[in-house]
Amino acid sequence: MTVDMSQFYEVFFDEAEELLAEAEHLLLGIDVESPDVEQLNAIFRAAHSIKGGAATFGFMDMTEITHVLENLLDKIRKNEMALTTEHVDAFLAAKDVIKMQVDGHRHGSDVNAEQVSDVAMMLKSLSEGKAAVVAAPVEAAASVEAAPAAAPAAEVAKPALTITDEEKAKGMTLYDVGLPTVTEKDLANLKDELALLGEVAVYQRSENVHAVLVKTDSSADDIVSICSFIVDADALVIQVAGDTTSAPAPAAVETAPVAAPVEAAPAPAADAGYGFFDNDPIIKTDAKADDGKVQVAEEMGYGLFASNGQDQQEEGYGFFAPFKPHPDAPKAQMIGDDNAAAAMAKAKAEAAATPVAAAPQEERRQQQGRRETDKPAAAAQSAESTSIRVGIEKVDQLINLVGELVITQAMIEQRVNALDPVDNEALINSVGQLTRNTRDLQESVMSIRMMPMDFVFSRFPRMVRDLAGKLGKKVEFVTSGATTELDKSLIERIVDPLTHLVRNSVDHGIEKPEVRREMGKPESGTLTLSAAHKGGSIVIEVTDDGGGLNRDKILAKAASNGLPVNESMTDNEVFSLIFAPGFSTAEVVTDVSGRGVGMDVVKRNITSMGGHIEIRSALGYGTTISISLPLTLAILDGMSVSLGKSIYVVPLNLIVETLQPRAEDLKTVTGEGLMVHVRGEYLPIIALHALFNHPTEITTPTDGVLLILEADGKKSALFVDRLVGQQQVVIKSLETNFKRIPGVSGATIMGDGSVALILDVPAIIQMGQTTNYVTGGMAFSNQNYLTSQNTINA
Amino acid sequence: MSTSTEMSNSLSGNAGNGLKTAAGEYLTFVLGSEQYGIEILKVQEIRGYDAVTQIANMPSFIKGVINLRGKIVPIVDLRIKFNLGKVEYNEFTVVIILNLNGRIVGIVVDGVSDVRELREEHLREVPSLVTRIDTKYIVGLATIEQEMLILVDIDKLMTSDEMQLMEAAVH
């Protein structure tokens with residue numbers, strides 16, 4: 001996969017930072033004695049969102065820690081565990097660690113792996129109900145002692161089953177499945193069920209609490225789905241045993257003794273300590289981390305860290321200055337007043353053992369501070385949030401107001417145009433200026449709601465990869481036009497249908513590698529997701545180079561489903577059958593797709609957004625599903641046309657061209673259906689006055705204007721009296737106070753305050769002809785063509 | 001262009017008396033030679049008849065839609081619907097803008113007469129007889145100063161299928 005995910009990272013980082021800030025805010029405000037369930041839920045959701053995002057972007061380190069955090073939070077919010085201050089401290093520590101990881105990914109700053117694993121371990125031991133390591137005494141010595149205590153916690157899972165590296169390489173994983181309290185019988189059942197996946201060993205964690213070790217090549221989800229038959233899936237705690245999460249634990253324990261001598265030794269020993277640490281790349285981070293503290297504390301520190309470079313120290317000052325007002329600052333100052341070396345050593349010991357508590361909090365801040373000082377000031381600034389979140393109703397209100405403003409402006413313009421241009425030159429110029437400004441304002445306001453398609457596309461690479469892996473297929477995923485912008489409300493609503501289409505393409509479209517090889521195609525299929533502007537709409541296409549749709553199979557299936565079909569249907573019509581409810585030709589129903597629910601929902605969703613969906617497919621070569629959506633639902637570029645005394649608005653994007661036909665270009669079919677010959681194509685003429693039963697003087701196409709309209713791949717010529725002009729109109733719903741009217745998609749208010757109806761072009765084309773119209777025109781049937789022929793021919 | 005009169009809403013209590021309607025203030029209007037009354041709470045404003053945009057293939061009594069300060073509002077001519085009175089549109093033609101649970105609809109009538117406060121003693125049962133307006137939309141009769149007032153359940157009438165103002169088969 002060649003998708004550059006990095007462009008979406010910023011969004012995730014922004015969101016993660018916001019969520020972290022929010023979680024911190026909630027944590028700080030939480031009442032430990034009687035925590036508000038809503039607050040706990042909010043914190044849980046924040047952790048969960050970060051976990052989801054991190055997993056999507058493949059930041060596994062963040063996923064791991066958020067996962068354990070989430071587990072613990074889940075227990076607390078479900079009242080399986082009472083909230084204590086230790087928990088809150090641990091959560092805050094976790095928040096800092098996650099922030100550190102986010103920064104690490106974002107700016108390439110260092111991530112203190114030990115600190116991460118320490119926090120993860122602490123969370124884990126807390127969620128296992130162990131006496132927390134956390135109550136971290138500020139005394140360095142105590143925390144050093146506490147560190148080894150964490151070791152047994154990590155080893156609680158006395159594995160009756162182990163996994164070798166060799167097995168791991170084969171894709172086997174050892175899962176540690178923590179169970180809620182279950183009966184002996186259930187436990188036995190569960191064991192039998194899980195045995196289907198691989199090797200299983202049950203062990204007892206404590207009284208009534210069992211856990212199962214499962215060695216399998218299946219995923220954790222599979223375990224959950226099996227267990228959910230017997231126990232509540234939410235109560236399961238699945239961890240990967242003997243894997244990275246617990247691997248760093250021993251490292252943390254080892255660190256403790258290292259820190260101990262430092263603590264024990266006075267100032268001279270600090271030097272030695274540093275020498276020692278410098279040789280150890282992992283702990284070096286800690287040593288540097290302390291720079292900050294020492295720099296703040298006393299000049300003496302400089303000597304020690306001269307090797308870090310003068311610049312950095314200066315920047316360091318610049319950076320730390322704002323930190324002083326922080327409540328922790330006085331403490332840092334106080335430490336500074338003590339013997340610097342001792343403070344340093346103490347801090348180091350804490351950092352090494354990191355069973356986080358009150359004191360390390362501030363220390364970690366400084367660590368972050370140091371990381372940021374490493375970078376140019378610009379980078380530090382970019383960390384500031386550059387977006388604000390505003391309620392959608394405020395934006396909508398703004399858009400509505402601007403819509404009204406546009407109408408008013410158009411009214412003024414119209415009135416001014418009636419004035420004498422010489423006498424009122426200044427006024428006319430000013431109004432011209434107003435017109436431009438209004439248009440700019442409108443565009444800017446509309447763009448607030450616009451979001452790039454990235455937001456949708458970025459979800460898919462991973463999904464496709466996982467799905468392909470599951471189905472044993474090779475799929476190369478390509479996206480194009482991800483910067484194409486679309487209204488936010490549409491973006492949100494397009495996700496589900498697109499997900500469905502992508503799944504379908506991977507499951508049904510792209511063949512297995514061996515099949516592809518036989519057919520002479522490259523083993524790995526290509527799935528393309530593209531978005532592009534086309535007129536006033538956005539066209540999103542899901543293309544695969546798979547097997548394509550089998551016309552005969554679909555027809556047969558449709559016939560057996562009792563749908564009205566016949567052999568003479570066009571491909572387009574046949575393919576549209578797959579949007580019928582309950583339609584699936586998949587031979588095997590997989591868990592991915594094939595149940596026949598979905599395509600009808602997809603179509604319904606797209607239609608409700610004012611869009612259209614279309615399938616192009618060639619058997620053996622692949623399928624393209626094309627969705628076209630309006631850019632926004634509020635404003636339309638329209639062409640006003642007149643009919644008698646009324647004005648109608650035709651969406652500009654659906655007009656191919658306008659022309660005044662010559663008499664010799666008008667043809668009839670079987671003496672009635674009127675057609676116009678345009679550049680080799682015969683297009684049916686739909687007389688709007690006849691369709692709408694609207695009185696007008698102009699009843700012969702040669703006297704009026706033909707608008708060549710195209711919608712749903714069909715073209716027709718709409719016959720109206722005159723073109724009036726092109727303008728942007730604000731779409732108003734007729735349905736608010738009235739009802740849907742055939743052939744009319746909405747209404748708008750014109751410059752003079754009158755109402756003009758907006759034509760629903762696809763519906764009008766449909767109304768003008770019932771049978772499917774094939775480009776080229778000869779298959780046109782005029783069953784439903786209205787009674788205007790006589791007047792036209794007269 | 002419009003002479004709109006915002007009506008103040010000051011309805012008194014709704015003491016039930018066995019009749020389908022209740023005492024309160026009613027806006028009375030003329031259709032042909034008959035006086036009709038509708039609950040004043042349903043009335044949003046009264047304005048002149050102006051700039052109605054026709055809508056294709058609608059029954060003749062649906063005159064079209066107007067722009068009511070940015071809202072698209074359908075206009076129904078009750079004179080045509082019930083075949084009462086003379087149908088002509090001039091500066092004296094009156095449109096009553098109704099607000100029926102948030103849906104705004106305008107009705108064209110021959111003229112607006114008054115706002116009357118009806119007390120229980122004014123109210124009479126509807127005799128069963130054939131009228132142009134189905135008796136199911138008539139909630140009662142009232143007599144004031146020797147004049148008969150036909151009280152219409154305008155909500156029910158305007159949302160009925162026969163007015164064709166709503167999507168069919170929603171009820």
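Quantities reported herein were computed from a predicted structural model and do not represent experimental measurements. Within every chain, numbering begins at 1; the chains are lettered A, B, ... in the order of the sequence lines, protein sequences first and strands thereafter.
- Between A:I741 and B:M58 the shortest heavy-atom distance is CG1-CE, 3.8 Å.
- Within the 4.5 angstrom heavy-atom criterion, atoms from both the backbone and the side chain of B:V65 approach chain A.
- Checking B:I62, B:I104, B:I75 one by one against A:F738, the side chain to side chain contact (heavy atoms under 4.5 Å, CB included) holds for a single residue, B:I62.
- Remark: the backbone N or O of A:A756 is not paired with any side-chain donor or acceptor of B:N67 at under 3.5 angstrom.
- Nearest heavy atom pair, residue B:K71 against residue A:N737, reads CB-ND2, 4.4 Å.
- Annotation: A:E697, atom CD; neighbour count of heavy atoms from other residues, nucleotides and ligands within 6.0 Å does not exceed 12.
- Nearest heavy atoms, B:R103 versus A:K739: NH2-N, 4.5 Å.
- Annotation: the span from A:N693 atom CG to B:I55 atom CD1 amounts to 14.0 Å, rounded to 0.5 Å.
- Nearest approach of B:T53 to A:V755, heavy atoms of both residues: OG1-O, 2.6 Å.
- For a residue to count as touching a neighbouring chain, one of its non-hydrogen atoms must lie under 4.5 Å from one of that chain's; by this rule B:I72 touches chain A with backbone and side chain alike.
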